Amino acid sequence: MSVNNKRVFYVKYLANPIYVDILKARSDVRLDRIENESPEDFYAPILRAAHVYQVGAARDELAPHFHVDAAFLKRTPNLLLVSSNGAGFDPVDVEACTDAGVLVVNQSGGNAHSVAEHALAMMLTLSKRIIQSDRRLRRERDVNRNELVGNEVEHKTVGIIGLGNVGRRIAALCKGLLGMKVLAYDPYLSAEVMAERGGEKVELDELLRRADFVSISCPLDKGSRNMISTREFALMQPHAYFITTARGFIHDEDALLQALRDKRIAGAGLDVWSKEPPPPEHPLLQFDNVLASPHTAGVTIEARRNMGRIAAEQVLDTLDGKRPPRIINPEVWPVYAERFKQAFGVTPG
């Protein structure tokens, strides 16, 4: 077997050290690490030789010149696969990869339990007004508990936007654990599939009008960018809460800010932001009815290990000529397959 003839690199970090352990067990794979601050004379040869880029999923943690765009792809002539650390792939221009014959994969489902639990925790914390209670106790004496009356979530309605790996887990928790009614909007799934996943298929406007909690769990793409803006917040009920554990830019932060100022909705749970992490002076962080976290919904010990493992296994399977299970741009396969054959003399499939 050839030694180190399959080249993989990453920048700054991986989901979990298990990724290194799995790849190092293979004598035909070489793994290189680059830092955001690495000089070009160090990283340029690595980029030119690489077949796989294990890329970070968070755009603001990765230096701009390591984001995968058309200019980057010109520096990686042998690149066959871009593998995101997470379910998201914000630093990757998928269309540019497709044009270059590069396959893009993610690790969807690897952190679904963690993200769903985070969304549910936000829902309960907001409904029970735990965050307001905590803050008032830290600021005031003789807090009047009658001013902090919350609500139970049992028999309430949750509207889930995106019923994929995370959304279906949120649906299962809300329906099975808490006896909630589940509405769901997902234009890519049939009513039958959505019913199997625990949700009643409705259009977005109906979901917004009926839900006591609106939870976002869809990917960021051209169709979902700014999906929730001024018009959509205006459709929500005044007692409803907005929760997102998906991606920044799906909701319009300025529109949410205005909705909270005008008391059009009851509050929000925000794990994702247009700039991550948001600065302490961010206007949305000044509201006591806003529960915030810095994109940590999927950051648990269990999820990180799972993501690292499935990322490594998927990369090795792909390098061995197998078709990976989590392809983002399947339309590129014929071109990719030809490039793979040229690189390794084997037709993948």
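Computed from a prediction, not measured in an experiment: that's the story for all the values here.
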(message) Show every ring pair (Phe, Tyr, Trp, His ring centres under 6.0 Å) that has at least one partner inside residues 276-300, sequence neighbours left out.
(response) Trp273-His282
(message) Please list all pairs meeting ring pair (Phe, Tyr, Trp, His ring centres under 6.0 Å) that have one or both residues in residues 150-195, counting only residues at least two apart or in different chains.
(response) none
(message) Please enumerate all residues that pass ring pair (Phe, Tyr, Trp, His ring centres under 6.0 Å) together with Phe344, with sequence neighbours excluded.
(response) His51, Phe340
With distance as the sole test, does [X] use its side chain to make a donor-acceptor pair with the main-chain N or O of [Y] at under 3.5 Å?
| X | Y | value |
| --- | --- | --- |
| Asp93 | Glu95 | yes |
| Arg305 | Asn16 | no |
| Glu61 | Glu276 | no |
| Ser84 | Gly88 | yes |
| Gln314 | Arg326 | yes |
| Gln132 | Leu148 | no |
| Ser217 | Val166 | no |

(message) In this structure, is the centre-to-centre distance between the rings of Phe66 and Tyr43 below 6.0 Å?
(response) yes
(message) According to side chain to side chain donor-acceptor pair (under 3.5 Å), does anything in residues 157-166 pair up with another residue at least two apart or in another chain? List the pairs.
(response) none
(request) Report yes or no: do Asp254 and Gln258 form a side-chain donor-acceptor pair below 3.5 Å? (result) no
(request) Go through the side-chain N and O atoms of Asp271 and Thr245 and say whether any donor and acceptor fall under 3.5 Å apart. (result) no
(message) I'd like to check the salt bridge (charged side-chain N to carboxylate O under 4.0 Å, His left out) partners of Lys175; sequence neighbours left out, ordered by chain and number.
(response) none
(request) Scan residues 286-303 for pairs that pass salt bridge (charged side-chain N to carboxylate O under 4.0 Å, His left out), counting only residues two or more places apart or in two chains. (result) Arg135-Asp288, Arg139-Asp288
(request) Scan residues 143-167 for pairs that pass salt bridge (charged side-chain N to carboxylate O under 4.0 Å, His left out), counting only residues two or more places apart or in two chains. (result) Arg136-Glu147
(request) Determine whether more than 12 heavy atoms belonging to other residues, nucleotides or ligands lie under 6.0 Å from atom CD of Glu40. (result) no
[X] side, atom [atom1]; [Y] side, atom [atom2] - distance, nearest 0.5 Å:
| X | Y | atom1 | atom2 | result |
| --- | --- | --- | --- | --- |
| Leu208 | Glu203 | CG | CD | 11.0 Å |
| Arg168 | Ile170 | CZ | CD1 | 12.5 Å |
| Leu124 | Arg129 | CG | CZ | 15.5 Å |

(message) So, using side-chain contact (heavy atoms from CB on, under 4.5 Å) as the criterion, who are the partners of Ala191 when residues are at least two apart?
(response) Lys201
(request) Output all residues satisfying side-chain contact (heavy atoms from CB on, under 4.5 Å) with Pro330, sequence neighbours left out; order by chain, then residue number. (result) Arg323, Ile327
Result block: side-chain N/O donor-acceptor pairs under 3.5 angstrom for residues 224-243, not counting sequence neighbours:
from	atom 1	to	atom 2	distance (Å)
Ser224	OG	Pro219	O	2.7
Ser224	OG	Asp221	N	2.9
Ser224	OG	Asp221	O	3.4
Ser224	OG	Asp221	OD1	3.2
Ser229	OG	Asp252	OD2	3.3
Arg231	NH1	Asp205	OD1	3.2
Arg231	NH2	Asp205	OD1	3.3
Arg231	NH2	Asp205	OD2	2.4
Glu232	OE1	Ser229	N	2.9
Gln237	NE2	Arg209	O	3.4
Gln237	NE2	Arg210	O	3.0
Gln237	NE2	Ala211	O	3.2
His239	NE2	Asp212	OD1	2.6
Tyr241	OH	Leu126	O	3.3

Indicate every side-chain donor-acceptor pair of residues 108-121 with a distance under 3.5 Å to a residue at least two apart or in another chain.
from	atom 1	to	atom 2	distance (Å)
His113	ND1	Arg169	NE	3.1
Ser114	OG	Thr300	OG1	2.6
His118	NE2	Ser293	OG	3.0

(message) Salt bridge or not between Asp320 and Lys322? Use side-chain N to carboxylate O under 4.0 Å.
(response) no
Can you give each donor-acceptor pair under 3.5 Å made by side-chain atoms of residues 69-80, sequence neighbours left out, with the distance rounded to 0.1 Å?
from	atom 1	to	atom 2	distance (Å)
Asp69	OD1	Ala71	N	3.3
Asp69	OD1	Phe72	N	2.8
Arg75	NH2	His65	O	2.6
Thr76	OG1	Phe72	O	3.4
Thr76	OG1	Leu73	O	3.3
Asn78	ND2	Arg48	O	2.7

(request) Quick one: closest heavy-atom pair of Tyr10 and Tyr13, and the distance? (result) CD1-O, 3.6 Å
